[in-house]
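Written below as structure tokens is the structure these notes are about.
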Amino acid sequence: CKMMFENIGGFGQLESVTACLADGTCLPLKQFSGATWTGCPQGETDKMTFELTQKTPSGDVSTITCVCEGSWPWPTGQRCECPANFVAATFSAVQ
């Protein structure tokens, strides 16, 4: 499969993506180019879970989980909207 992850908040780019079938079979995806990732686990299921990981410029890591209901594999063009997104850290200056 080839997946595209868009509208990524926080620092805008993913460090890693893990895709899991409902039975717990998980595989880390490989970044193909830009926002496109490949290497989904094989099989059929009624939902997919994606663990999206982002690394800040300072090296901190943040992960969100996105559960996508519906039969897998998806047809071309299928979309899933994650209920959560990354939040960029706020910095304050102290004088």
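Hydrogens, waters and symmetry mates play no part in the numbers below; they use all other heavy atoms, side chains included. Quantities reported herein were computed from a predicted structural model and do not represent experimental measurements.
Glu81 is linked by a side-chain hydrogen bond (donor to acceptor under 3.5 Å, both in side chains) to nothing, counting only residues two or more places apart in sequence or in another chain.
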*Derivation of the side chain to side chain contact (heavy atoms under 4.5 Å, CB included) call for Gln54 and Ile8*: CA-CA 9 Å; Gln54 190 175 70; Ile8 303 298; 3.4 Å; yes
- request: Evaluate the side chain to side chain contact (heavy atoms under 4.5 Å, CB included) criterion for residues Phe50 and Leu14: first the C-alpha distance (whole Å), next the side-chain angles of each, then the deciding distance (0.1 Å), finally the verdict.
  value: CA-CA 12 Å; Phe50 296 95; Leu14 296 171; over 6 Å; no
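Closest non-hydrogen pair, Cys40 versus Met3, comes out as SG-CG, 3.7 Å.
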Going by atom type alone, with no hydrogens or angles, which donor-acceptor pairs under 3.5 Å involve a side-chain atom of residues 16-27 and a protein atom two or more places apart or on another chain?
residue: Asp23; atom: OD1; partner: Thr25; partner atom: N; Å: 2.8
residue: Asp23; atom: OD1; partner: Thr25; partner atom: OG1; Å: 2.8
residue: Asp23; atom: OD2; partner: Thr25; partner atom: OG1; Å: 3.4

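Between atom CD of residue Gln13 and atom CD of residue Gln31 there is a gap of 5.5 Å, rounded to the nearest 0.5 Å. How far CZ of Arg79 is from CH2 of Trp74: 10.5 Å, rounded to the nearest 0.5 Å. In this structure, the separation between CG on Leu52 and OG1 on Thr63 is 8.5 Å, given to the nearest 0.5 Å. Atom NZ of residue Lys2 and atom CG of residue Leu29 lie 13.0 Å apart, to the nearest 0.5 angstrom. Rounded to the nearest 0.5 angstrom, Ile64 CD1 and Phe86 CZ are separated by 4.0 Å. Taking NZ of Lys30 as the reference point, atom OG1 of Thr38 lies at 6.5 Å (rounded to 0.5 Å).
No more than 12 heavy atoms of other residues, nucleotides or ligands lie within 6.0 Å of CD in Glu44, so this atom counts as exposed by the packing criterion. Crowding of Glu6 atom CD: a count of heavy atoms from other residues, nucleotides or ligands under 6.0 Å exceeding 12.
A disulfide is not assigned to Cys80 and Cys66, since their SG atoms are no nearer than 2.5 Å.
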